[in-house]
Amino acid sequence: MTDLETRGAARRGAPGPSGALRRAAPALLGYAAVRALGLLALALWSAARDKSAYTLLTARWDSLWYTRVAELGYGYEVRLPSGDVHSNLAFFPLLPWLERLGAAVTPLSYADTGFVVSLLASLAAAWGIFAVAEHVHDRRVGVCAVLLWAVLPVGVVQSMAYSESLFTALAAWSLYAVLTGRWVTAGALAALAGLTRPVGLAVTAAVWAAAVIAFARSRSEGGAGDASGTPGARRVLGMLLAPLGAAGYVLWVGHRTGKGPLGYLDVQAGWRNGFDGGAAFARFVAAQFTSFPGALAGIGLIVGVALLVWLYVVCVRQRQPLPLLVYAGLVTVLALCASSYFGSKPRLLLPAFPLLFPPAVGLARLRTARSAPVVCGVAVAAAVYGAFWLNGSGPP
């Protein structure tokens with residue numbers, strides 16, 4: 001662990017589960033309140049448009065693909081007139097497995113179970129974000145970080161039968177396990193994150209980066225364990241576990257398609273997804289400047305990307321632990337530099353929660369009388385935007 005982590009661990013100790021829940025309670029209650037506001041706004045907006053808010057949350061876009069996997073297994077595909085092939089092999093299996101399990105042991109449908117999983121996972125993610133932020137900074141920053149994650153403009157996705165909340169929960173707790181020297185737990189959670197989304201690679205990379213640094217430090221100190229006294233064998237086991245989820249699924253897809261280890265890339269290509277270094281995104285932004293209204297959107301996109309870069313630079317300057325920097329950096333790069341549909345990028349950035357720590361530090365410095373109105377105002381705006389967005393183009 002870094003000096004910052006060591007000081008944080010010594011200052012706060014290691015509270016038990018009940019004590020940890022009490023410490024996180026303000027963050028979780030605030031998060032639940034923001035999400036309830038968002039769902040209320042969605043229900044009212046949808047009713048005014050004669051739509052079902054629940055259908056928007058559980059039975060559109062990717063949520064339909066997940067429930068089909070849960071119900072029918074893999075092998076379903078749609079062939080478009082353009083020649084593109086949309087295969088459900090593009091969707092990683094952990095969420096469908098949980099949907100199938102829930103439908104088997106409860107009266108809930110696959111879609112209902114997906115909604116419940118997302119609600120519970122979003123709370124687990126909020127708790128994990130709080131735990132990481134409190135460990136790196138303090139309790140007040142942890143609460144602010146959770147509230148900022150809740151009031152993101154696309155925060156409504158956290159309540160959808162999508163995999164973002166589940167992935168963020170697994171990633172946050174894996175990173176917390178890394179920061180506290182629980183290597184086997186970190187590796188196991190990273191493996192589950194790798195079964196949830198392709199970006200699970202970022203969690204694995206964070207575990208590996210931290211393990212390599214800990215190994216180098218232990219060698220320089222002449223010991224077999226790391227700075228927290230964890231035996232080197234557990235660290236190695238955590239490293240071995242971390243990539244198993246993503247690697248296992250990708251290799252299985254390659255075997256299933258008969259195209260070898262890179263078969264999953266062909267599946268993604270059928271969806272016109274891939275990694276092009278941001279070329280497609282750059283062309284999309286450039287195309288906005290062909291008209292005056294579009295130029296304003298183009299300027300907004302450039303400002304947004306610049307803001308993300310600036311936040312990452314501040315994270316580095318604030319000396320965030322290496323696992324967080326590796327994780328947030330890879331999530332951001334994979335989201336911005338993928339050739340996927342532009343409308344998906346905001347939700348793909350949802351798991352990059354360490355980028356919220358710098359503004360959380362600033363918000364935590366304000367007195368509650370000043371910070372509360374700011375958070376409440378942003379929460380209302382996010383709720384309205386989420387309702388408008390989900391009733392419109394939504395998060396494909």
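Everything numeric here is computed off the predicted structure, so don't read it as measured data.
- Clustering ILVMFWY residues whenever any of their side-chain heavy atoms sit less than 4.5 angstrom apart, transitively, puts Leu148 in a cluster other than the one holding Leu348.
- Looking at heavy atoms from C-beta onward, Leu311 lies out of side-chain contact with Leu356 at the 4.5 angstrom threshold.
- Note: Phe130 and Trp127 fail the aromatic proximity criterion, with ring centroids not under 6.0 Å apart.
- Side-chain contact check for Val250 versus His255: every heavy-atom pair is 4.5 Å or farther apart.
- One finds the CZ atom of Arg139 at 12.0 Å from the SG atom of Cys144 (value rounded to the nearest 0.5 Å).
- Looking only at distances, no side-chain donor or acceptor of Tyr76 sits under 3.5 Å from a matching main-chain atom of Ser87.
- Residues Gln318 and Pro358 meet the side-chain proximity criterion, which asks for heavy atoms closer than 4.5 Å.
- Using a 4.5 Å heavy-atom cutoff, the side chains of Thr67 and Thr113 are not in contact.
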Review point. Can you list the steps and then say if Leu98 with Leu166 is a side chain to side chain contact (heavy atoms under 4.5 Å, CB included)?
Key: CA-CA 10 Å; Leu98 294 176; Leu166 179 60; 3.9 Å; yes
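- The environment of CZ in Phe289 is crowded: more than 12 heavy-atom neighbours from other residues, nucleotides or ligands sit within 6.0 Å.
- The aromatic rings of Phe388 and Tyr385 are tilted relative to each other, their planes meeting at an angle between 30° and 60°.
- Each of Phe91, Trp61, Phe115, Trp97 was scored for a ring-ring contact (aromatic ring centres under 6.0 Å, His included) with Tyr66, with one residue passing: Phe91.
- Side chain of Thr204 to main chain of Ala242: a donor-acceptor pair is present (N/O by atom type, distance under 3.5 Å, no hydrogens or angles).
- Between the CE atom of Met160 and the CG atom of Leu56 there is a distance of 7.5 Å, given to the nearest 0.5 Å.
- Annotation: cation-pi pair Arg68/Trp65 present, NZ/CZ under 6.0 Å from the ring centroid and within 45° of its normal.
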Exercise for review: Evaluate side chain to side chain contact (heavy atoms under 4.5 Å, CB included) for Tyr264 paired with Leu251, printing each intermediate quantity in order.
Suggested key: CA-CA 8 Å; Tyr264 182 76; Leu251 291 175; over 6 Å; no
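- Taken together through direct or relayed side-chain contacts under 4.5 Å among Ile, Leu, Val, Met, Phe, Trp and Tyr, Leu94 and Leu108 form parts of separate hydrophobic clusters.
- Under the 6.0 Å cut-off for aromatic ring centres, Tyr74 and Trp252 qualify, their centroids lying closer than that.
- Summarising the geometry of Pro96 relative to Val69, their closest heavy-atom pair is CB-CG1, 3.6 Å, with the distance given to 0.1 Å.
- A distance of 12.0 Å separates CG of Leu195 from OG of Ser163, quoted to the nearest 0.5 Å.
- Hydrophobic clustering (side-chain heavy atoms under 4.5 Å, transitive across Ile, Leu, Val, Met, Phe, Trp, Tyr) groups Val333 together with Phe353.
- Ring planes of Tyr176 and Trp173: perpendicular class, angle over 60° (limits at 30 and 60°).
- Proximity of a side-chain donor or acceptor of Ser174 to a complementary backbone N or O of Ala186 within less than 3.5 Å is detected.
- The two residues Ala191 and Leu241 come nearest to each other via the heavy atoms CB-O, 3.3 Å.
- Between the side chain of Trp208 and the backbone N or O of Met239 there is at least one donor-acceptor pair closer than 3.5 Å.
- Closest of all the heavy-atom pairs between Gln288 and Ala297 is OE1-CB, 4.4 Å.
- Using a 4.5 Å heavy-atom threshold, the side chains of Leu89 and Glu77 count as separate.
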Practice item. Begin from the C-alpha positions of Val116 and Thr106 and carry the test side chain to side chain contact (heavy atoms under 4.5 Å, CB included) through to its verdict. Key: CA-CA 12 Å; Val116 172; Thr106 71; over 6 Å; no
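- If you take CG on Leu334 and NZ on Lys345, they are separated by 10.0 Å, rounding to the nearest 0.5 Å.
- Note that CG of Leu57 and CG of Leu119 are 8.5 Å apart. Values are rounded to the nearest 0.5 Å.
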Review point. Taking it one step at a time, do Arg365 and Val141 satisfy side chain to side chain contact (heavy atoms under 4.5 Å, CB included)?
Key: CA-CA 9 Å; Arg365 289 172 180 165; Val141 173; over 6 Å; no
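- Linking ILVMFWY side-chain heavy atoms closer than 4.5 Å, directly or via other members, places Leu123 and Leu175 in a single hydrophobic cluster.
- Here the closest heavy-atom approach between residue Ala150 and residue Arg35 is recorded as O-NH1, 3.1 Å.
- Side-chain atoms of Thr196 come within 3.5 Å of backbone N or O of Leu192 as a donor-acceptor pair.
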Review point. Hey, mind stepping through Glu164 and Arg197 against salt bridge (charged side-chain N to carboxylate O under 4.0 Å, His left out) and telling me if it holds?
Key: CA-CA 8 Å; Glu164 272 76 11; Arg197 298 187 63 78; 3.3 Å; yes
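- Cluster annotation: Phe275 is connected to Phe92 through the hydrophobic network of ILVMFWY side chains, with a link wherever side-chain heavy atoms come within less than 4.5 Å.
- Using a distance-only test at 3.5 Å, with no hydrogens or angles considered, no donor-acceptor pair links the side chain of Arg79 to the main chain of Val85.
- With contacts defined as side-chain heavy-atom distances shorter than 4.5 Å, the pair Tyr162/Phe167 does not qualify.
- With contacts defined as side-chain heavy-atom distances shorter than 4.5 Å, the pair Asp84/Trp271 does not qualify.
- Remark: the backbone N or O of Ala70 is paired with a side-chain donor or acceptor of Arg100 at under 3.5 angstrom.
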Review point. After noting the C-alpha distance and the side-chain angles of Gln320 and Tyr327, does the key distance pass the side-chain hydrogen bond (donor to acceptor under 3.5 Å, both in side chains) rule?
Key: CA-CA 11 Å; Gln320 279 192 13; Tyr327 168 76; over 6 Å; no
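- Closest of all the heavy-atom pairs between Asn88 and Gly75 is OD1-N, 3.1 Å.
- To the nearest 0.5 Å, atoms CZ (Arg317) and OH (Tyr312) are separated by 13.5 Å.
- Residues Ser46 and Asn391 have side chains that bring a donor and an acceptor to within less than 3.5 angstrom of each other.
- Counting heavy atoms from C-beta outward, Thr257 and Asp266 have side chains that stay 4.5 Å or more apart.
- Nearest heavy atoms, Val375 versus Val151: O-CG1, 4.4 Å.
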